[in-house]
Amino acid sequence: MKVKLNINGKDYESEIEPRMLLVDFIRDVAGLKGTHVGCETGSCGACMVLLDGMPAKSCLMLAAQAQGKKIVTIEGLSAGGKLNSVQRSLSERKALQCGFCAAGFSIMGTWILENEREIDYEKVKTDLAGVVCRCSGYERVIDSIVEAAKNERKN
Ligand code: FES
Ligand code: FES
């Protein structure tokens, strides 16, 4: 079947198998490799994207189901090659090691900054429950997002 998906503001049109997952379209058709495939069962969050502004695990839906929606991947967070405040904070605090989970934390952190009214350690910890990191601890990740929120709301 032919599908057209809008990813990071750009349309990608392709003939695909109807069963193709959204994560595979993002990686293999659009060539955006920052979205990772970990579990393919919705447990790890490595495949997290924003779908019409809401976090979504792209291994849990078909590419065809995302037609007509605005998809944002980790690449779309850094317009013009400039990291957004969450990505910058994660980087400055050296919160990540291998980076396999970076899409999950960056997408969720960005969503938190844009949508949560009160942002503190416990709130961020709860919101990040769907993202798993296999190497670093979660403390620096949570602190990075709290810090990014503080900085952003100061300005
Ligand atoms: S690959 Fe999608 S949640 Fe793990
Ligand atoms: S830094 Fe390696 S999985 Fe998170």
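One-based numbering, in listed order, for ligands and for the atoms of each. Basis for what follows: all heavy atoms, side chains included, without hydrogens, waters or symmetry-related copies.
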* Asked: Passes side chain to side chain contact (heavy atoms under 4.5 Å, CB included), Ser106 versus Leu90? Steps please.
  -> CA-CA 8 Å; Ser106 302; Leu90 287 166; 3.8 Å; yes

* **Pair Ser85-Asn151, side-chain hydrogen bond (donor to acceptor under 3.5 Å, both in side chains): steps then yes or no** => CA-CA 9 Å; Ser85 55; Asn151 290 339; over 6 Å; no

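A donor-acceptor pair under 3.5 Å is absent between the side-chain atoms of Tyr121 and the main chain of Ile142, judged by distance alone.
Inclusion of Cys133 in the first shell of atom 4 (Fe) of ligand 2 is supported: an N, O or S atom falls under 2.8 Å.
When rounded to 10 degrees, the angle formed at atom 2 (Fe) of ligand 2 by SG (Cys135) and SG (Cys98) equals 100°.
Taking the side chain as every heavy atom from C-beta outward, Ile145 and Leu128 approach each other to under 4.5 Å. Using a 4.5 Å cut-off on side-chain heavy atoms (C-beta onward), Arg134 and Cys44 make contact. Contact check for Leu32 versus Tyr12: side-chain heavy atoms found under the 4.5 Å cut-off. Residues Gln67 and Leu5 have side chains in contact (heavy-atom distance under 4.5 Å, counting atoms from C-beta outward).
Within 4.0 Å of ligand 1, heavy atoms belong to protein residues Gly38, Cys39, Glu40, Gly42, Ser43, Cys44, Gly45, Cys47, Lys57, Cys59.
Ligand-side atoms of ligand 2 in range of Gly99: 1 (S), 2 (Fe), range being under 4.0 angstrom from any heavy atom.
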